[in-house]
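Naming convention: chains lettered A, B, ... in sequence-line order (proteins, then strands); numbering from 1 in each chain. Quick caveat: nothing in here was measured; it's all calculated off a predicted structure.
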Amino acid sequence: MRREVPIAITFFTGVLLVVAFFIPHEPFGSLEQRFNDWYIIVSGFAMILGLDSLLLHHWNKVSRRSQDWFHSLSLILAFFITLFWGFYSGIHTGNFLSAQSTFRKYFYLYVFVPLQATMFSLLAFFIASAAYRAFRADRFEATLLLFSAGIVMLGRVPMGNQVAPWIIGFVLLLFAFLLYSDGRKEVDSLRRALKFGGAILSLLLIYPLAWFFLKYTAATAGWIMNIPQLAAKRGIFIGIALGGIAMSLRIILGIEKTYLR
Amino acid sequence: MAQVFWTWVAAFLTLAIFSFLYKDNPFYKFAEHIYVGSSAAFWLVYLWYFDIKPKLIDAWRMNTGLEKYILIIPAILSVFILLRFIRPIAWISRWAIAFTVGMAAGLGITANLQGFLVPQIQATFLPVWVPSHNFWHSLGLSVNNWILVIGTVVTIFYFYFSKEHKGTLGALSRAGIVFIMIAFGASFGYTVMARISLLIGRVYFLIHNWLHIV
Amino acid sequence: MIVQSFIFLLLVSFKPAPATHVRAYDTPNDAGGSVTVKWDLSKDDSIVTKYEIIRIIGSPNGERVSAGFVLRGTNSYRDVDLKNGQKYYYMIRTWADGEYSDSEITPTPAIPKPQWFHTKRVVALVILVIFTLLLWYYLQLAKKGAPLWIRKIAGLEAIDEAVGRSVEMGRPILYILGLGAISDIPTIAGLAILKRVAKKAAEYEAEIIVPNYDPIVMVAAQETVKEGFMEAGRPDLYRENNIMFLTQDQFGYAAGVDGIMVREKPGAIFLQGLFFAESLILAETGHSIGAIQISGTTSVTQLPFFIAATDYTLIGEEMYAASAYLTRDPLALSTLKAEDIMKALFIALVGLGTIFESIAILTGAQGFHFLKNLFNMF
Amino acid sequence: MRKYFEKLAQIDRRIIYLILFLTVLLPYLFKISLPMKPLPEVVQAYKEIDQLPPGSVVMISIDYDAASMPEVQPMLYAILRHCFSKNLKVVMLGHWPLGIPLGVTALNEVAKEYHKKYGVDYVFLGFRPGLAAVIINMGKEIRSVFAEDYWGTPLDSLPMMRNVHTYDDIAVIVGLEAGSVGDAWVQYAQARYNAKIILGGTAVVAPDWYPYLQSHQIVGLIGGLRGAADYENLVHHKALAYYGMTPQAAVHILIVIFIILGNLGYIALRRRK
């Protein structure tokens, strides 16, 4: 009973939804929507489980006076103040976010939105530190990642076109220097010649590439986004879709049942 | 007056979150706990007004016949999930979970078929030559098509699991990785702007709405 | 000026040409109660103000009702809220300012009815049937004990190493399931990996913390970890309090998890599931405390950030393959084999589609678009 | 020399954060701006509103929430300023319930600036669930969806709404988007009722609308902070977005420079080994 019933429910629900997908006739036509509504109701009630977990976790900290218990207490207070305020405004004005609601006017706009927006804005810093740290030209693939990120970044902003040639020029100069200093240490004359040749090539490329990027940085960025980026995304999507379908079939057939123990 | 007070509150919370960038500290801890607590309550209120009330309570009141009584099913499932509080029969909650997982599996099949698989494959049916007003323009468009088709195919090869990536398959999957990396780089670079916009929004709040410098 | 007054004159004194070739038919692939009406635009479409769709019930002389209006340039209308099985005729009234002219009435009636099969989804059905048959075939093979091979996935190989290292440092393990609900397949894939991590953690007697965004996922995570601990023979070490709910707010969750990271200082962090913008907040904070991080998601927009900020990343489908990979369950592995055959089929299909499209474009023969049209689901 | 390079590979991330923060802050404090030519699709949107006769009704839809506020809210302010300065009337509604408070705040604020009267010059309808159904039904009669405004006043008792019934009575619809509602506006309001639509939205969603612009299904497109900056520039009220473009450009270039510095240090380290 404990194991078979859930597997049967999963099987039945899953198969029904798949069948309904191919049948516009009622009651199948609106089954997906109906199930979705039910799911929303169930997950709404499940919030009680979550709140029990959250509040008990912090209440235990408070009652045990463990480290940071004061913060746990402020969490609990913040929870109840928000809850009562929200329902109070909701009952008084019909909707907790309505125009006259003090909940909207003060809590939502001056507490909730700033917290959300500031937390979100931390990404600006993290995206910079991640780029600085992770974009290292150590392997061929990583170098590609770095270059396409750099070009798209420069291509997206005004001034990008003007700055890109300098950056390209600098990078090529650096290449030339590295190849030259490597070549000097080389004993094998062929390899030395190759490295010197590479250095000269890098120097020669500076002007044409700088010219190209002065004109076409934004266009190149757009092209990368629209062609190679799209191609890879498509491949990944197809893989994900297949994997998702296979996983779903495994669940329906009862092969995958982690969720049920 | 209230406006000023609340602006200060918002500014305090903003700075408290920013202080996390330096290191963990009591201000961040405070803001974090306030955020977790109040947002949990906020979404509970939201769930009530935008989900439970319209979809269960109002629907029960407004409908008649089968449309009304069928709502007993989700109500029972909701009770099931709450039975987790009663240890001896906590296992019944799995029935409700089984329903949601069944939905996941059903939708996992149909949504992936309709939303990704079929349209993405269809979009890759591209002609190898695109006629246009002049040859070079045509060639450009055609090359783009070739790259799109080849890129998609080699990326699929990268995800080939049941064969070792050696020889031809190895070369193809390596080409796949090249495309994937270019894509990830581009996608990363593309997102920077939206993220900086968020920071600009917060900085503007601080210097405009709070400090009135600008 | 002259032109304007001429148009003005035209507007006040002439009836517009009527719409022509009006046809009405039952809307295909719907649940009934709807008719689609189409017509050819009036010759005077440029001065038409609107087309009125007139519904005639029962017979051509039956009761006439205005069904709705569309603006100029539009040549179709979907009439809804009709009775199934009832006969409907239609007529288009073309309005130009106050004047109008009527089209002919549709010669044959349209009878709305619901359909039992969605013809636009036939390709999806075929794909699903082939996939299921392949799956069935390989399942049978697996049951007979045929060996199934799977390529190495670095991110999954690293799990044991990450858990081990975390234990050496005497730190807990943090497992983040992201923002998915249990109705999202990636979350279920994340739970499958959690089970393996929990088992390893129990073997090493390490603490495992799982903060949650969704309460039902929390319940499932509790069950999963308990199961993992039981399989390792250490149910005594299981602490339900370590698998807690935080908040259903995207960034509130990120703030809370960041707090846990800097205070509990986990040695290994797993980010497995459905992630959105908060992915990088979590991954960068995780890196800053020096944890070894293994991430995986199917959110393509977040993968670049995981690649950049974490040590190992399961890219999309690799994550779905994880449960089969980790358990080496022959039944699960056989589904991977079926997936690979499907991939080969799709690649062949893309080749075929490319050939047909090329022929269609180069020769102008519209018939060769059939494959592309077949895949059009809307 | 080499030591310096090696240090570059390990700059404390907090120093990066500080530099980044200053890069965003300083252009605002000193009002440094870049010369920018407004994008043609934004100019098109601007002209579309600019040429409307006084008294025309503009409908603005708030289809975003706090998360996309920095990008989209400046558009809302700039467009509201434009409308009120040209004596156009504004009807506002929204499809994202959590965006409603943002819309109300901006509307009240700008209306006050221009001494506009509620009910006469602007109306706020609020939110009704049902997206596609809401858009379609408003095409038949706005009252079938919004019998009352946000404050519960029947629409007919609001002077400016008396002659506003369908999209025919609305000169242009401005959809401000952070998701897929923009597509619904085009699919339903434009395709079915031939309504004129301008879409404005985050840099993430806006690129998907260029096909609409080419097929004239929308008459203007305002994308991301750049689009907002252009609009602020056009209405001569330079604020958040306009001055934000300088930090945008500076930060992008800064990150590229950081990447190069990191690699310089990395190469130096590796060559020593």
Q) Between B:Leu21 and chain A, which part of the residue has a heavy atom less than 4.5 Å away: side chain, backbone, both or neither? A) side chain

(Q) Under 3.5 Å, is there a donor on one side chain and an acceptor on the other for A:Thr118 and B:Arg202? (A) yes

Q: With a 4.5 angstrom heavy-atom cut-off, could you sort out which part of B:Phe50 is near chain A: side chain, backbone, both or neither?
A: side chain

Q: Answer with side chain, backbone, both or neither: which region of A:Asn36 has an atom nearer than 4.5 Å to a non-hydrogen atom of chain B?
A: both

Q. Between B:Leu117 and chain A, which part of the residue has a heavy atom less than 4.5 Å away: side chain, backbone, both or neither?
A. both

Q | Whether A:His71 and B:His33 hold their rings parallel, tilted or perpendicular, with breakpoints at 30° and 60° | A | parallel

Q.
Do A:Phe21 and B:Ile109 have side chains that approach each other closer than 4.5 Å (heavy atoms only, starting at C-beta)?
A. no

Q) Side chain, backbone, both or neither: which part of B:Ser93 has a non-hydrogen atom closer than 4.5 Å to chain A? A) neither

Q.
Any side-chain to backbone donor/acceptor pair from A:Ser121 onto B:Leu198? Under 3.5 Å, distance only.
A. no

Q: Go through the steps to decide whether B:Phe188 and A:Phe135 satisfy the test ring-ring contact (aromatic ring centres under 6.0 Å, His included), and finish with yes or no.
A: CA-CA 11 Å; B:Phe188 189 107; A:Phe135 287 178; 4.8 Å; yes

(Q) Any heavy-atom pair between the side chains of B:Trp48 and A:Phe96 that's under 4.5 Å? (A) no

Q. Listed by chain and number, what are the salt bridge (charged side-chain N to carboxylate O under 4.0 Å, His left out) partners of A:Arg133, not counting sequence neighbours?
A. C:Glu284

Q.
Quick check on B:Leu148 against chain A: is it the side chain, the backbone, both or neither that has a heavy atom closer than 4.5 Å?
A. both

Q) Is the closest side-chain heavy-atom distance between B:Thr124 and A:Arg234 below 4.5 Å? A) yes

Q: Pick one of side chain, backbone, both or neither for B:Trp8, based on which atoms fall under 4.5 Å of a heavy atom in chain A.
A: neither

Q) Where do A:Phe107 and B:Ser38 land on the side-chain contact (heavy atoms from CB on, under 4.5 Å) test, with the steps shown first? A) CA-CA 9 Å; A:Phe107 171 78; B:Ser38 65; 3.7 Å; yes

Q: Identify which part of A:Glu32 has an atom lying under 4.5 Å from any heavy atom of chain B, answering side chain, backbone, both or neither.
A: side chain

Q.
Does any backbone or side-chain atom of A:Arg34 lie under 4.5 Å from a heavy atom of chain B? Answer side chain, backbone, both or neither.
A. side chain

**Q.** No-hydrogen, no-angle side-chain donor-acceptor test under 3.5 Å, B:Tyr190 and A:Gln229
**A.** no

**Q.** A:Thr10 side chain reached by B:Trp95 side chain, heavy atoms, under 4.5 Å
**A.** no

Q: Select one option (side chain, backbone, both, neither) describing which atoms of B:Ala16 are under 4.5 Å from chain A's heavy atoms.
A: neither

(Q) Ring-plane angle category for A:Phe112 and B:Tyr35, please: parallel below 30°, perpendicular beyond 60°, tilted otherwise. (A) perpendicular

Q | Segment of B:Tyr49 engaging chain A (4.5 angstrom heavy-atom cut-off) | A | side chain

Q: Apply the test side-chain contact (heavy atoms from CB on, under 4.5 Å) to residues A:Phe35 and B:Leu107: give CA-CA distance (whole Å), side-chain angles for both, the deciding distance (0.1 Å), then the verdict.
A: CA-CA 10 Å; A:Phe35 274 17; B:Leu107 296 180; over 6 Å; no

Q: Can you measure from CD1 (A:Ile245) to CZ (B:Phe116) and round to the nearest 0.5 angstrom?
A: 10.5 Å

Q: Measure from the side-chain N and O atoms of A:Ser148 to the backbone N and O of B:Ala186, and report whether any donor-acceptor pair falls under 3.5 Å.
A: yes

Q: Could you walk me through whether B:Phe99 and A:Tyr39 pass the ring-ring contact (aromatic ring centres under 6.0 Å, His included) test, one step at a time?
A: CA-CA 8 Å; B:Phe99 167 74; A:Tyr39 169 72; 7.8 Å; no

Q) Residues two or more places apart in sequence or in another chain: which of them pass side-chain hydrogen bond (donor to acceptor under 3.5 Å, both in side chains) with A:Asp37? A) A:Gln33

Q. Quick one: of A:Ala130, A:Ala8, A:Pro228, A:Gly243, who has the most non-hydrogen atom pairs under 4.5 Å with chain B?
A. A:Pro228

Q: On the 0 to 90° scale, with breaks at 30° and 60°, tag the B:Trp6-A:Tyr106 ring pair as parallel, tilted or perpendicular.
A: parallel

Q. Under a 4.5 Å cut-off applied to non-hydrogen side-chain atoms, are B:Arg195 and A:Phe120 in contact?
A. yes

